[in-house]
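Small disclaimer: the values here were computed from a predicted structure and weren't measured.
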Amino acid sequence: MFSNKSRRTFLLLLFPILLIAQTKKKDFINLSYDDLHDLYFKNVGNQKKQLLYTNAYMAKAIQENSNIRKAKANYQIALFYYKSDRNKAIQYLDSVIKYSNGSNDKFFPAAAYCEKADFLKTQFKFKEAMANYNFAEKNALQTNIDYYYVVREYIAITKSEDLGEYNEALNIYKECYVYYKSKDTRSSNYSGQYLNLIFGLADCYKSLKNTDSTSYYNKLGYRESKTTNNEEYKNLFILNEGANQVLKRNYGAALDSINKALPKMIEYDNTGNVLAAYFYLGKTYDGLGKKAIAVENFMRVDSIYKVTKEITTEFMDGYPYLISYYKNLGDRENQLKYITAYMAIDSTLHKNYRELNKLVYSEYDTPHLISDKEILITSLNRDKIKTYWGMGFLSLTVIAFGGFAFHQYRTKKQYRSRFEKIIKETNQNNNYEVNKENETETVPVKIGDIGIGEELINQILEKLNHFENDKEYLKPNITVQTLSSTFETNTKYVSKIVNIYKEKSFIQYINDLRIDHAIRQLQENNKLRKYTVQALALEFGFNNAESFSTAFYKKTGIKPTYFIKELDSTT
């Protein structure tokens, strides 16, 4: 289950400052930082005014040369880039840490370390994230014991939800629980954090299949959230207990709880737990033997993931269920669809990739072999065929699998060699381009009499050079006719000059330019590697995924999906 921690508000709720020099400081010169903060909240929804107040906040910090205020300003700038550019956000958080180190502030630099850890987690850099949580922990221990236990809880959440280290997470949750029991947990200062902690305990026990302890903390959390009038948490505990009832196989109770909580999760726009609700509805309906309804709910999980790109290993089980369901229906198209989705998610999470490949090979690449084996086993049971025939067939199956495995090994080795060759050639070409920029323009080599005047040849070659430099080849539906029209010349001239001077057919010339560009971009921009093959095809000028894959394979000898996977594993 997703923790509600991901929906927390930040310590300083000010928008980032982008145009500091434009601030009308004379309008706000007598205002305090708190005044500017309050004015911001009175103008929620009016971003223009909010920006003026936050600009004034930064200008005031610069005028007074207050490092801690500069730190807080940089913190807000970092949050501005939360969705658009996580790497830039991390850079600003590093500035927060620089300005606030040694300040003895109650929240900084600890909060900056925490936010940096959160950004790193979205990039699946869990080792670096944990290191930053540990820095936050050490800092908060010296300046703010309350925030120290907030950080401890963040660490527990990461260990439980992201790393699957449930026992370690549980120990931290218990440590925090002891601390909060000494506080007024129904006050506004502690109630929210206390509820989140109880939820963490319940969810961690659920992951450990300790259903009785899960129910205990779900009931405790429900009572506390009801007492403090926290409707969202009340429904979150109802949902979590519904998931726990699935583990107990009390499917009627599970269905009642989940259906009660789901509308509230939608109302609160708690997308992560909407996903969780649909997943456990799928598990519930499967337990009730209603496979078609189970499939509908697992499909909703997939739809939410496609939008948010956020999922944990807890909710991965729906994909094998969908794959198996559509295999049994003989629906190869949907079977392949969910195999592909499962592979993409698993690759993103960097877990169980070897087993997933095994699944794909057995489920899709060799369906006839699996089918034959299942038919034979059924036939053996029905017709009581002698054991040695069965053993003989199984031996043949093992041999077939062995041969297939060897073929896969050899193919993988060839693909790896081709991948390394591409990287080497790309680096060489990059060096060549750098050197080429420092050289004077070269005159094309004269190639005999081709029936076209030398002046016209030079003109077309120059236009082709501009066409390549301006990356016009990325436009879709380029033909020799459209390019000749753009060049204001004859199609035969363009085609002949490309054939002779570029030593390629026109189509191969265009495709090679696109593929060379694609290779460079995929190496330089890791965000592109998250795109589907269809999206990449459109990005690089192709009309569909098939034509892009075909051109990529023809140029490189490997598929684009393999190239992307190898890039991710080596960077």
side-chain contact (heavy atoms from CB on, under 4.5 Å) assessment of Glu539 paired with Leu528: CA-CA 9 Å; Glu539 180 78 15; Leu528 283 175; 4.3 Å; yes
From CA spacing to verdict: side-chain contact (heavy atoms from CB on, under 4.5 Å), Thr556, Arg418: CA-CA 7 Å; Thr556 65; Arg418 291 168 185 171; over 6 Å; no
Approximate separation, where rounding is to 0.5 Å, of Asn477 CG and Ile510 CD1: 12.0 Å
Residue pair Leu262 / Leu239, side-chain heavy-atom distance below 4.5 Å: no
Main-chain N/O of Ile293 paired with Asn297 side-chain donor or acceptor, under 3.5 Å: yes
Rounded distance [0.5 Å steps], CG in Leu522 versus NE2 in His517: 9.0 Å
Beyond-backbone contact of Leu281 with Asn259, side-chain heavy atoms, under 4.5 angstrom: yes
Heavy-atom pair of closest approach, residues Tyr342 and Met316: CE1-CE, 3.2 Å
Residue pair Asp212 / Ser215, side-chain donor-acceptor N/O under 3.5 Å: no
Donor-acceptor side-chain pairing of Asn87 and Gln123 below 3.5 angstrom: yes
Polar side-chain atom of Asp302 near backbone of Phe298 as donor-acceptor pair, under 3.5 Å: no
Ring geometry between Tyr319 and Tyr338 (parallel below 30°, tilted from 30 to 60°, perpendicular above 60°): tilted
Sidechain-backbone polar pair: Asn196 side chain, Gly192 backbone, donor-acceptor under 3.5 Å: no
CG on Leu275 to OH on Tyr280, rounded to 0.5 Å: 11.0 Å
Gly242 to Ser257 - nearest heavy-atom pair and separation: CA-CB, 3.6 Å
Member of Lys159, Lys116, Lys121 meeting the side-chain contact (heavy atoms from CB on, under 4.5 Å) criterion with Tyr133: Lys121
Flag if over 12 foreign heavy atoms under 6.0 Å of CD1, Ile266: yes
Neighbour count above 12 (heavy atom, 6.0 Å) for Arg416 CZ: yes
Mutual orientation of the aromatic rings belonging to Phe199 and Phe237 [parallel < 30°, tilted 30-60°, perpendicular > 60°]: perpendicular
Inter-residue atom distance Leu567.CG - Arg529.CZ, 0.5 Å rounding: 5.0 Å
Given Arg223, Glu241, Lys206, the one that forms side-chain hydrogen bond (donor to acceptor under 3.5 Å, both in side chains) with Asn218: Glu241
Backbone of Glu566 reached by a side-chain donor or acceptor of Ser569 within 3.5 Å: yes
Test item: Asn525 side-chain N/O and Gln521 main-chain N/O as donor-acceptor pair under 3.5 Å: no
Lys559 side chain reached by Phe552 side chain, heavy atoms, under 4.5 Å: no
Close side-chain approach of Lys291 to Asp286, heavy-atom, < 4.5 Å: yes
pair Lys264-Glu232: side-chain heavy atoms closer than 4.5 Å: no
Arg249 side chain reached by Tyr251 side chain, heavy atoms, under 4.5 Å: yes
Enclosure of Lys248 NZ (heavy-atom neighbours >12, cutoff 6.0 Å): yes
Side-chain donor or acceptor of Asn250 paired with backbone N/O of Ala253 under 3.5 Å: no
Within 45° cone of Phe542 ring axis and under 6.0 Å: Arg514 NZ or CZ: yes
side-chain contact (heavy atoms from CB on, under 4.5 Å) between Leu220 and Glu224, worked out: CA-CA 6 Å; Leu220 174 62; Glu224 290 296 318; 4.2 Å; yes
Main-chain N/O of Ala156 paired to Ser160 side chain as donor or acceptor, under 3.5 Å: no
Minimum heavy-atom distance Ser191-Thr228, with the two atoms named: CB-CG2, 4.1 Å
Shortest non-hydrogen contact from Asn543 toward Leu538: O-CD2, 3.9 Å
Cation-pi geometry met for Lys290 and Tyr285 (6.0 Å, 45°): no
Tyr205 atom OH, over 12 foreign heavy atoms within 6.0 Å: yes
Pairwise side-chain contact, Tyr166 with Asn171, heavy-atom cut-off 4.5 Å (strictly under): no
Phe119 versus Ile90, closest heavy-atom pair with distance: CB-CG1, 3.9 Å
CG-CD distance between Leu255 and Gln245, expressed to the nearest 0.5 angstrom: 12.0 Å
Glu546 atom CD: more than 12 heavy-atom contacts under 6.0 Å: no
Parallel, tilted or perpendicular: rings of Phe135 and Tyr113 (30°, 60°): tilted
Any donor-acceptor pair under 3.5 Å from Asn328 side chain to Ser324 backbone: yes
Test item: Asn210 side-chain N/O and Ser213 main-chain N/O as donor-acceptor pair under 3.5 Å: yes
Minimal non-hydrogen separation, Ala202 against Asn240, with atom names: CB-ND2, 3.6 Å
Residue pair Asn132, Cys114: steps toward the side-chain contact (heavy atoms from CB on, under 4.5 Å) verdict: CA-CA 7 Å; Asn132 278 273; Cys114 283; over 6 Å; no
Student check: side-chain heavy atoms of Phe548 and Phe540 closer than 4.5 Å: yes
Main-chain N/O of Tyr278 paired to Arg300 side chain as donor or acceptor, under 3.5 Å: no
Separation of Thr122 OG1 from Arg86 CZ (nearest 0.5 Å): 4.0 Å
